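In listed order, ligands and their atoms are each counted from 1. Because the structure is predicted, anything quoted here is derived from the model rather than measured. Scope of the values below: all heavy atoms of this structure, side chains included, with no hydrogens, waters or symmetry mates.
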Amino acid sequence: MNDTNRAITLDEFVILREKDFPHATGDLSKLIRDIGLAAKIINREVNKAGLVDILGTTGSNNIQGEEVQKLDIFANHEMISFLKSGGQCAGIASEEMEEFISVDTMVSRNAKYVVCMDPLDGSSNIDVNVSIGSIFSIYGRISEIGPVTSEDFLQKGLKQVAAGYVIYGSSTMLVYTTGFGVHGFTLDPSIGEFCLSHKNIKIPEDGCIYSINQGYYAQFEEGIKAYIRYCQELGSDTSRPYSLRYIGSLVADFHRNLIKGGIYLYPRTTTAPNGKLRLLYECNPMALLAEQAGGLAIDGASSILSLQPETLHERTPLIIGSKRMVEKVKEFLLQEQEILAG
Ligand code: AHG
Ligand code: MN
Ligand code: MN
């Protein structure tokens, strides 16, 4: 609350935060506000998805060969449109586009940032009215002039200057970090503004929820299978057995675990040796948020944020959430390796 005794809006908050950084130019704040604007438009369409002809698939597949929902295309289009007209974004990579695009509008001539995004995450849940989201990751561009290059996008997650997501759930929230804590804003539909509702979110060190698509159990490596059995056992030391909660939207599963404490796993399987999730616009942004909130994100062995991306759409296994729970999985995976090494 501010001195007028009303909630602080996202725009007010980013401006207030800027004052703490005397050298800040305000460009990053403007970029986050542009994403917030696009999110409001996407939210409007998501909310009426059951009413209009926007529901259903386009009948085409995206570059990963997955079915593309109409709302995926709409969300991609809105994000690009706001990022182009906002003037702070020099280039965009998206789950829905095979190649990145360079933004060359008049207003964006001096843009310093590139954005990687999953415009609509969990899209298989659209038709059944279950929470979905949008994910974004922001880097400073490396190339100095002209069109952006692949080098601008293929940066380690450690280099992100900001990351966040929007969850279209029972209420709509925008959660972001610029490397100084994680803050959450809930959309107040009566005024059409994101209002600060969760300042400086910290993920509990430990939790009692695990989120994984257990249907793939037979395809997981032994360390993951052993961890799943551990979650299910009665334990006197912890609150085991844990509850299994899996929505099938990374944003929604991550958000719940962030607030309540828990772990989300999308490990490698025999048919998907690198897992399913994309490093640049799913894993890296979530990993930065997790670490900023006091949690951890690994691919099994290494920190997600330390991985050097080679291609725009590469995948990586993801294990993310409460610190102690992620460390426990790492222990199980190490044990498995030791057994294999004999
Ligand atoms: P998207 O809708 O952007 O393709 O992402 C879906 C992802 C992620 O959100 C979710 O956690 C995971 O796919 C679910 O995959 P499974 O159905 O294999 O569990
Ligand atoms: Mn996704
Ligand atoms: Mn998507």
Side-chain angles (χ1 to χ4, degrees), residues 35 38-39 42 45-46 49 55-58 60-80 92-98 115-137 163-169 175 209-220 224 228 244-258 262-287 289-290 297 299 304 312-321:
I35 292 172
I42 299 168
E45 295 306 307
V46 166
L55 190 66
T57 71
T58 54
S60 65
N61 284 357
N62 70 8
I63 45 138
Q64 344 264 346
E66 295 151 351
E67 200 176 57
V68 176
Q69 303 282 322
K70 279 184 186 173
L71 268 173
D72 288 308
I73 302 298
F74 178 83
N76 192 49
H77 180 267
E78 287 307 311
M79 279 288 184
I80 291 173
I92 305 164
S94 163
E95 183 188 30
E96 301 305 333
M97 304 185 300
E98 182 151 14
V115 175
C116 302
M117 63 174 178
D118 179 353
L120 211 62
D121 172 69
S123 47
S124 66
N125 281 324
I126 296 169
D127 287 2
V128 288
N129 228 332
V130 172
S131 298
I132 51 179
S134 301
I135 311 175
F136 60 92
S137 159
Y165 59 81
V166 181
I167 176 166
Y168 313 102
V175 176
I209 293 173
Y210 73 111
S211 315
I212 187 168
N213 188 338
Q214 220 160 277
Y216 300 128
Y217 185 86
Q219 293 192 44
F220 293 143
I224 297 293
I228 291 174
L244 170 62
R245 296 280 183 269
Y246 191 72
I247 295 169
S249 295
L250 170 64
V251 169
D253 282 307
F254 177 83
H255 183 73
R256 182 204 49 244
N257 294 351
L258 176 68
I263 188 167
Y264 174 98
L265 306 95
Y266 208 112
R268 67 179 89 255
T269 63
T270 43
T271 48
N274 295 319
K276 177 184 184 189
L277 300 176
R278 278 56 65 109
L279 176 58
L280 255 61
Y281 41 81
E282 291 180 317
C283 303
N284 270 337
M286 292 313 199
L289 289 160
D299 66 353
I304 290 288
L312 225 47
H313 298 286
E314 77 184 57
R315 300 170 194 265
T316 174
L318 175 68
I319 297 156
I320 187 168

Between K276 and R315, the two heavy atoms sitting closest are O-NH1, 2.7 Å

Would you say the side-chain atoms of R278 and T316 include a donor-acceptor pair closer than 3.5 Å?
no

What are the two closest non-hydrogen atoms of D299 and R268, and how far apart are they?
O-NH2, 4.5 Å

Does NE2 belonging to H77 count more than 12 external heavy atoms closer than 6.0 Å?
no

So among L120, D121, I132, which one has a side-chain contact (heavy atoms from CB on, under 4.5 Å) with D72?
L120

Taking non-hydrogen atoms within less than 4.0 Å of ligand 1, which protein residues qualify?
E66, E95, D118, L120, D121, G122, S123, N213, Y216, Y246, G248, S249, L250, Y264, Y266, K276, L277, R278, E282

Quick one: name the protein N/O/S atoms under 2.8 Å from the Mn ion (ligand 3), chain by chain.
E95 OE1, D118 OD1, L120 O

Is the closest side-chain donor-acceptor distance between N76 and S94 under 3.5 Å?
yes

For Y216 and T271, test the side chains for any donor-to-acceptor distance below 3.5 angstrom and give the result as yes or no.
no

Angle between ring planes, Y165 versus F254, binned at 30° and 60°: parallel, tilted or perpendicular?
perpendicular

If you consider just the N/O/S atoms, which atom of E282 is the closest one to the Mn ion (ligand 2)?
OE2

Does the plane of the ring in Y264 sit parallel, tilted or perpendicular to the ring in Y266? Use 30° and 60° as the thresholds.
tilted

Less than 3.5 Å apart, any donor N or O on the side chain of N125 or S131 sitting next to an acceptor on the other?
no

